[in-house]
2 protein chains.
Amino acid sequence: MASQIPDVVIFRLPLYLRILTLLTEENAEVVSSQELGARLWMTPAQIRKDLSYFGKFGKQGKGYNIAQLREELRQILGLNREWCVALIGVGRLGKAILDYGMLALREFNIVAAFDIDPHQIGRNVSGLMIQDLAELADTVKSQGIEICIVAVPPSQVQRAIDCVVDCGIKAILNYAPAAARVPKDVRMQEVDPTLALQTMTYHLKSLSSP
Amino acid sequence: MASQIPDVVIFRLPLYLRILTLLTEENAEVVSSQELGARLWMTPAQIRKDLSYFGKFGKQGKGYNIAQLREELRQILGLNREWCVALIGVGRLGKAILDYGMLALREFNIVAAFDIDPHQIGRNVSGLMIQDLAELADTVKSQGIEICIVAVPPSQVQRAIDCVVDCGIKAILNYAPAAARVPKDVRMQEVDPTLALQTMTYHLKSLSSP
DNA sequence: ACATGTGAAAGTATTCACAGCC
DNA sequence: GGCTGTGAATACTTTCACATGT
């Protein structure tokens, strides 16, 4: 029994969370599905339906208590604790992820970095000593790593991901602009701006020639 | 008549393209929907259905000619020409996008970079002279910019995006981890690793406590 | 009066299964 | 035999609309 809750619903929860955080900063206390929907270009009904998969968080006639709903969503998404993350590949892209704090978010801690290039191994980048990828399995165990970020060159993606999967990792964030296969029990999310750009040009094209 | 072709289909075309490019490198000449499906963890039927929206590209009993299908998809997606792109926000993240060549892809050319910080304006980053955001409208016209990449701090996202929209841009790639609203005729895609991570923790959580 | 939560209805997307062809 | 392209069938999502509660 994996989950009877649709994947699309899970994907929207972080969006709700983001707006709730914004509303918290605006010192709002209560929000209606109407208002949330307006901010996200979604129908109020969809938001209510999504939330109803997890419980009854609202008050009729009033709406949702922002602080409370935010906490509920954090619980549901598993953001009420820290997650240890390893970075695989410390080339240009990997360095950018470390240096520029592209994941600067409380819940996610990059605690180790790996590469296969002997020139990189042993060097210090943003406070992390780069380790040999062969040590991944050991470090995963000793540090409690549960998520890997893969940022290797396209030609090595499959190799890197196979290695990560062999270490028992079940969640991969893949920055490499390349296709890779994982077993069905492993979650892999792609972060590839190229894919996004390519869908946008499709729509732009239709704009110029109707 | 915007498009009777479902959005999900458009989103999958770049995935097909990616595999076709990989197959080209492997010197394959023909591929079946079966094989494509196996590589992408999709059913062959879905791939055939998706492609059938655009025409008949296969040969019964054989499959699809890789080079030809690849070219067709590039045409369909509008990748058979160059696109001029502007970068909005040259802070840490924006610099990483420029420096680390995170968009190193033939079809997309970052031809201008903008900021509002007087300290940044006039400086040279990766061969681009940073301009005042106020000049965006003029540069969009003179350089034929059609896509903007927004990489500003969360607090300024809405302001930056409003400015971009006012300049007539219809496609925005938003790197900022923050919510923003755009008119319905503007396409905005988010590139936010945080959202991806947050959906993964949901599933990891369920793994440890079944 | 206003807003939630939810079955039922409408609308989309995916998969099946087979005719037609190489 | 193998594979495409596609209407029909199934499965999934979203939206509607209203009973229920404040």
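Since the structure is predicted, the reported quantities are computational estimates derived from the model, not experimental observations. The chains referred to below are lettered A, B, ... by the order of the sequence lines, with proteins before strands, and numbering in each begins at 1.
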Please confirm whether the backbone N or O of B:Val182 pairs with a side-chain atom of A:Trp41, one donor and one acceptor, at under 3.5 Å? yes
Apply side-chain hydrogen bond (donor to acceptor under 3.5 Å, both in side chains) to A:Gln156 and list each qualifying residue two or more places apart in sequence or on a separate chain. none
I'd like a list of close polar pairs between nucleotides 3-7 of chain D and the protein, N/O only, cut-off under 3.5 Å.
residue: D:dC3; atom: O4'; partner: B:Gly61; partner atom: N; Å: 3.3
residue: D:dC3; atom: O2; partner: B:Gly61; partner atom: N; Å: 3.3
residue: D:dT4; atom: OP1; partner: B:Ser33; partner atom: N; Å: 2.7
residue: D:dT4; atom: OP2; partner: B:Ser33; partner atom: OG; Å: 2.6
residue: D:dG5; atom: OP1; partner: B:Phe57; partner atom: N; Å: 3.0
residue: D:dG5; atom: OP1; partner: B:Gly58; partner atom: N; Å: 2.9
residue: D:dG5; atom: OP2; partner: B:Tyr64; partner atom: OH; Å: 2.7
residue: D:dG5; atom: N7; partner: B:Arg48; partner atom: NE; Å: 2.7
residue: D:dG5; atom: O6; partner: B:Arg48; partner atom: NH2; Å: 2.8
residue: D:dT6; atom: OP1; partner: B:Lys56; partner atom: NZ; Å: 3.3
residue: D:dG7; atom: N7; partner: B:Lys49; partner atom: NZ; Å: 3.4
residue: D:dG7; atom: O6; partner: B:Lys49; partner atom: NZ; Å: 3.3

Hits for side-chain hydrogen bond (donor to acceptor under 3.5 Å, both in side chains) against A:Gln75, two or more places apart or cross-chain, chain-then-number order -> A:Asn80
Using only side-chain N and O atoms of A:Thr43, determine if any of them is under 4.0 Å from OP1 or OP2 of D:dT15. yes
By the side-chain hydrogen bond (donor to acceptor under 3.5 Å, both in side chains) test, which pairs, at least two apart or in different chains, include something from residues 56-70 of chain A? A:Thr21-A:Arg70
Taking any atom closer than 4.0 angstrom to a non-hydrogen atom of chain A, what span of DNA chain C does the protein reach, first nucleotide to last? C:dC2 to C:dA8
Can you name the side chain to side chain contact (heavy atoms under 4.5 Å, CB included) partners of A:Ser52, sequence neighbours left out? A:Lys49
I need the CD-C1' distance between A:Gln4 and D:dA11, as an integer number of Å. 16 Å
In chain order, what residues pass the side-chain hydrogen bond (donor to acceptor under 3.5 Å, both in side chains) check against A:Thr199, with sequence neighbours excluded? B:Gln189
Salt bridge (charged side-chain N to carboxylate O under 4.0 Å, His left out) partners of residues 132-150 of chain B, not counting sequence neighbours, each pair once: B:Arg81-B:Glu146
Give A:Val9 one of three labels, base, sugar-phosphate or nothing, depending on what nucleic acid heavy atoms sit under 4.0 Å from its own. nothing
Can you list every pair that meets salt bridge (charged side-chain N to carboxylate O under 4.0 Å, His left out) and has a residue in residues 153-171 of chain A, with sequence neighbours left out? A:Lys170-A:Asp185
Return the residues of residues 17-25 of chain A meeting this criterion: a heavy atom under 4.0 Å from some atom of DNA chain C. Order them by number, or give none. none
Salt bridge (charged side-chain N to carboxylate O under 4.0 Å, His left out): which pairs involve residues 16-26 of chain A, sequence neighbours left out? A:Arg18-B:Glu190, A:Arg18-B:Asp192, A:Glu26-A:Arg39
I'd like to check the salt bridge (Lys or Arg N to Asp or Glu O under 4.0 Å) partners of B:Arg48; sequence neighbours left out, ordered by chain and number. none
From CD of A:Gln46 across to P of D:dC16 the rounded distance in Å is 11 Å
